[in-house]
Each structure stands twice: as C-alpha cells, then as structure tokens.
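Single-structure report; data block below.
All values below were derived from every heavy atom in this structure, side-chain atoms included, with hydrogens, water molecules and symmetry-related copies excluded. Protein chains get the first letters and strands the later ones, always in sequence-line order, with residue 1 at the start of each. Everything numeric here is computed off the predicted structure, so don't read it as measured data.
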There are 2 protein chains.
Amino acid sequence: MKIATWNVNSIRTRLEQVINWLGENSVDVLCLQETKVIDKDFPLNPFTELGYYPYIYGQKAYNGVALISRQPLEDVSMGFTAVLPDLDPQWDEQKRVISGVIDGVRIVNLYVPNGSAIGSEKYEYKLGWLKVLREYLQTLLLSNPEICMCGDFNIALEDIDINDKVKIENHIMASESERQALRDILSLGFADAFRKFNNEGGNYSWWDYRTAAFKRNLGWRIDHHYLTPVVYERAQSCIIDIEPRKLEKPSDHAPVIVEF
Amino acid sequence: MKIATWNVNSIRTRLEQVINWLGENSVDVLCLQETKVIDKDFPLNPFTELGYYPYIYGQKAYNGVALISRQPLEDVSMGFTAVLPDLDPQWDEQKRVISGVIDGVRIVNLYVPNGSAIGSEKYEYKLGWLKVLREYLQTLLLSNPEICMCGDFNIALEDIDINDKVKIENHIMASESERQALRDILSLGFADAFRKFNNEGGNYSWWDYRTAAFKRNLGWRIDHHYLTPVVYERAQSCIIDIEPRKLEKPSDHAPVIVEF
DNA sequence: GTTAGGCCTG
DNA sequence: CAGGCCTAAC
C-alpha cells in the first residue's frame with residue numbers, strides 16, 4: 001500500500017501537475033493539503049476519471065485538505081469535532097483535518113498551522129491546535145490502532161531536517177515549544193517513516209519560493225508520515241519525490257510517499 | 001522608416017512577447033499603449049539590450065504609453081500640457097500621450113480613452129479628451145508638419161472596420177459623436193495609412209478576449225496610423241500583424257506597422 | 001468571460 | 001515569489 005502526502009498550494013492551479021503525477025505514481029491514497037477551494041469548486045472529475053475516489057474538506061482561499069483514494073475509504077471523517085464532539089467548533093473553522101480507513105489502516109491527513117512568527121497569535125493557535133490534535137489522535141487510537149498520520153506539519157523535528165543556512169535558534173517551524181508539542185503527539189505511539197530508511201541530512205520536502213531556495217537545496221523536511229507500530233514495522237520505503245518541484249509553476253512542497 | 005503601434009495590455013505581462021516581436025520585426029519606432037506601469041518599474045533593460053531607446057510615460061495600473069526607438073528621438077514630449085501649457089493639468093493625470101521626432105517626422109503615440117458606455121461619464125471624458133487632442137495637434141502642426149499619429153484610438157471610423165456580428169448602432173467605439181470628434185481631428189490634415197493600401201473589410205486590430213472573438217475573427221480595427229500629407233504620400237505599406245494575437249496569453253490588440 | 005494590477009497571506 | 005480575492009476595464 002502506497003500513501004502519498006503533498007501540499008499542492010492550490011489544487012486548481014496545480015491540477016494538471018497533480019493529475020500527471022498521479023498517473024505516473026499510482027499511489028493508493030494521495031493526501032492533499034492547501035487545496036484552497038470550497039468543496040463545490042473542487043475539480044472532482046479529473047480524479048474520478050483516473051479511477052480515484054476523492055474526499056474533500058475545503059474552504060475559500062486558505063487551507064483545505066483532501067483524500068484521493070484508489071478504492072473507496074471507510075469511515076471518512078472531516079475535522080476534529082467529528083471525533084471530539086465536545087470540542088469548541090471554532091477549531092474546525094479552518095479546514096485542516098480529514099481522515100479515512102483503507103485496509104484497516106486509518107489515514108489521517110493534516111495541514112498543521114504554519115504559526116507565522118514565534119509568539120504571534122498564529123503561533124499560539126498552532127500550539128493550541130497541536131494540543132487538540134493530540135486529543136483527537138488519542139480518541140482515534142481507541143478504535144484505530146493502525147494509523148498513518150501524514151501531511152504538512154510545518155515542523156522540522158531535528159536540526160538535520162533543516163538546511164544549515166537557516167538560523168534555527170527560535171525559528172518558526174523549529175522552535176522548542178512546537179517541537180515539544182509534536183513530540184508529545186508522537187509519544188502516543190508514532191514513528192517517522194522517513195527516518196526508518198534514511199538518516200542523512202539534505203533531504204527536504206519544502207523549499208521557499210523566495211531566494212531560489214530549491215536550486216540551492218535550501219529546504220526543510222516538514223512533510224511527514226508518522227506511523228503506529230504495526231504499520232511502522234510493515235513499512236518498506238519512504239521517499240521524497242522532488243521531481244514535481246522542478247516543474248514550471250510548482251508547489252513549494254514535494255510529495256512524500258510511504259509504502260507499507 | 002517603419003513605425004509600429006501596439007496596445008500590449010501590460011508591458012510587464014507581455015514583455016517576452018514584445019521583445020521577441022521586436023527582435024523579429026526591426027521597426028524604427030514601436031509605440032506602446034497600456035503599459036500599466038509606473039516609470040520606475042518599466043522594464044527598460046530588455047529594450048536597451050536590443051539597442052533601442054525607450055521613452056516612457058506611465059502610471060500605476062492603468063494607461064501608460066511608451067516610444068521604443070532604434071535611434072534617439074528628438075524633442076520628446078509627454079502629455080498634453082507640455083504642448084498646451086495653459087491646459088487644465090487634469091488632462092494629464094491619465095498618461096495617454098507621448099511624442100517625439102525622428103528624421104523630421106513627429107511620432108504622436110496615443111491611447112484614446114475607451115469611453116465605457118455611450119452617455120457615461122467616461123464617454124464624456126473621451127469626447128472632451130478628443131477635443132483637447134485636436135488643440136494639441138493644431139499646436140504641434142505649427143512646428144511639425146510631418147506627423148505620424150498612431151495608437152489605440154478606441155474608435156472604428158467606418159462600419160467596414162467592425163465585424164458584422166456587432167450591433168453598430170450606438171455602440172461604444174462606433175457612435176456618431178466619437179466618430180465625428182475623430183473626423184474633426186483628421187480634418188486637420190491626416191489620412192488613414194491602412195486604407196491607402198487596403199479597402200477590404202475583415203481587417204481588425206483588436207478582438208475581445210471574450211467569446212473566442214479572435215478565433216471567429218470578430219474584431220474591430222481601432223488601432224491606426226494617421227499621416228499628414230507628405231508622410232502619407234511617402235507611405236509604402238501598412239499592415240496588421242495578427243501573429244502575436246495567436247500566442248498564449250496574448251494582448252487583445254495586434255501590432256499595426258506603417259512604412260514610409 | 002477574460003485579463004489585468006494591487007493587496008494580503010504564507 | 002506565488003497563491004486567491006477584489007476591483008476595474010474592456
């Protein structure tokens with residue numbers, strides 16, 4: 001089973017690239033982030049014509065996630081509140097969470113808030129959001145021990161995940177509070193699929209559009225697949241496909257594919 | 001001597017097309033309209049690198065004209081008030097007029113207001129603007145008997161200049177008042193270079209972006225070269241080059257080239 | 001409808 | 001630098 005995660009930075013702008021990629025990389029589930037489109041305007045047909053089942057959870061202009069699955073998913077769930085009914089529904093105003101089950105594995109597709117600048121209101125939102133995510137996963141784990149949690153985490157857990165031109169000290173996506181919040185989540189029983197196979201630096205999944213960052217490989221590894229033990233043991237590979245980042249008008253993120 | 005006029009609908013968006021065209025069509029002066037950029041942001045280098053001298057007169061977002069000349073121009077003049085010092089300077093808030101002399105011929109490059117809808121405030125502005133233009137030309141003619149007045153006139157003088165899908169009756173760009181205003185100007189001693197060589201219909205210089213107008217050749221001939229007698233007599237050709245209109249992301253206007 | 005620029009966000 | 005939204009223009 002192959003699961004891919006890809007922040008496409010607008011599905012409508014990236015549609016042709018995503019469809020081409022899906023044609024050449026026949027993954028079982030493609031997890032999209034930053035679709036940036038309300039559900040009624042999501043381009044479903046190109047995916048159904050390829051034989052995929054799209055499950056979408058979007059909003060206008062910002063955020064938005066989707067699961068594109070080669071077979072129908074079971075128990076698809078949009079947002080936090082579907083799993084945490086007592087949660088303040090404000091946490092679902094931003095569409096950042098969608099999940100569904102395939103072959104007994106729950107795929108949790110996340111677009112973690114970026115956080116803007118350390119100490120900002122958005123940073124506090126990010127930390128709060130990660131606390132909610134932990135509760136959400138705790139609940140899911142009760143009925144779904146096999147989870148592949150993937151997406152754009154906007155967090156690089158280790159310094160090796162960040163190019164060394166960056167002053168990591170107190171940098172958004174690398175600050176201690178957000179790293180600790182993510183570690184708290186992983187402590188529920190998740191492990192990084194990519195690091196099962198690769199302990200090298202220089203492997204990134206996101207490169208800023210500015211300052212020719214991709215050409216100089218000044219990237220960050222912030223798109224992840226985190227697996228619960230049984231799935232982690234089964235995992236056979238996890239790779240970052242940087243080819244789409246080389247195209248004209250690319251997303252700033254590259255897809256990451258795990259096989260288990 | 002070859003003079004071209006081209007409403008490029010943003011020089012920054014069309015830069016590559018314009019530079020390519022200029023490389024393949026080595027005109028002596030290229031008159032641009034709707035550059036849509038303030039002078040400090042006008043891309044001068046691509047033109048100077050081709051050996052051209054750019055003279056620019058622009059504003060933010062709207063209008064803007066430029067003369068791109070293979071040799072330095074003499075007596076370059078921006079706006080109406082440079083020639084009509086007593087004129088209300090409000091007439092130069094919109095950057096629509098630039099002129100300069102080459103080999104004794106004054107090139108007057110114009111972007112005539114579109115006028116929006118008949119009877120609208122913008123329509124009245126167009127008619128007023130054309131009256132000012134007449135005064136401007138009268139003054140210029142005192143010292144420059146040889147004039148090539150060209151640009152986007154946003155007026156089709158004859159029904160033959162308009163595709164027959166258009167209800168010409170009271171259509172902007174074809175109404176009697178604006179046609180009469182233009183005829184009043186031409187009566188100063190200008191003749192249409194294009195009609196010296198071609199009396200056929202179906203020759204257009206502008207096609208609406210909508211309704212696949214170009215594919216169906218539903219255009220208008222609204223970009224003109226008007227010449228004073230000596231220049232008119234010397235004129236050897238006047239053609240509309242529709243090739244650029246076929247490109248991806250074209251301007252809605254095609255260049256018109258006169259040779260004299 | 002189609003294309004622009006400008007603004008705001010990442 | 002690259003999104004989408006807004007507005008204006010044609």
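The interatomic distance linking Arg216(B) (CZ) with dG1(C) (C1') rounds to 12 Å, in whole Å. Between Asn154(B) atom CG and dA9(D) atom P there is a gap of 13 Å when expressed in whole angstrom units. For the pair Trp207(B) CH2 and dG1(C) C1', the interatomic distance rounds to 19 Å; values are reported in whole Å. Spacing between atom CH2 of Trp206(A) and atom C1' of dC1(D) amounts to 11 Å, rounded to whole angstrom units. Taking atom CZ of Phe42(A) as the reference point, atom P of dG4(D) lies 13 Å away to the nearest angstrom. Counting to the nearest Å, the P atom of dT2(C) and the CZ atom of Arg245(B) are 11 Å from each other. In this structure, Leu15(A) places its CG atom 14 Å from P of dG3(D), rounding to the nearest Å. Rounded to whole angstrom, the span from the CG atom of Asn7(A) across to the P atom of dG3(D) amounts to 12 Å.
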query = For nucleotides 5-10 of chain C, read 5' to 3', which letter fits each nucleotide if B means a protein heavy atom sits under 4.0 Å from the base, S means only the sugar-phosphate is that close, and - means neither?
reply = SSS-SS

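A donor-acceptor contact closer than 3.5 angstrom is absent between the side chains of Trp220(B) and Asp161(B).
A distance-only check finds no donor-acceptor pair linking the side chain of Ser175(A) to the backbone of Ile172(A) [under 3.5 Å].
In this structure Asp164(A) satisfies the salt bridge (charged side-chain N to carboxylate O under 4.0 Å, His left out) test with no other residue, sequence neighbours excluded.
The pair Arg179(A)-Glu176(A) does not meet the salt-bridge criterion, since no charged nitrogen lies less than 4.0 angstrom from a carboxylate oxygen. A salt bridge links Arg221(A) with Asp192(A); the closest basic N to acidic carboxylate O contact falls under 4.0 Å.
For the atom pair CD1 of Ile242(A) and CZ of Phe214(A), the computed distance is 4.5 Å after rounding to the nearest 0.5 Å.
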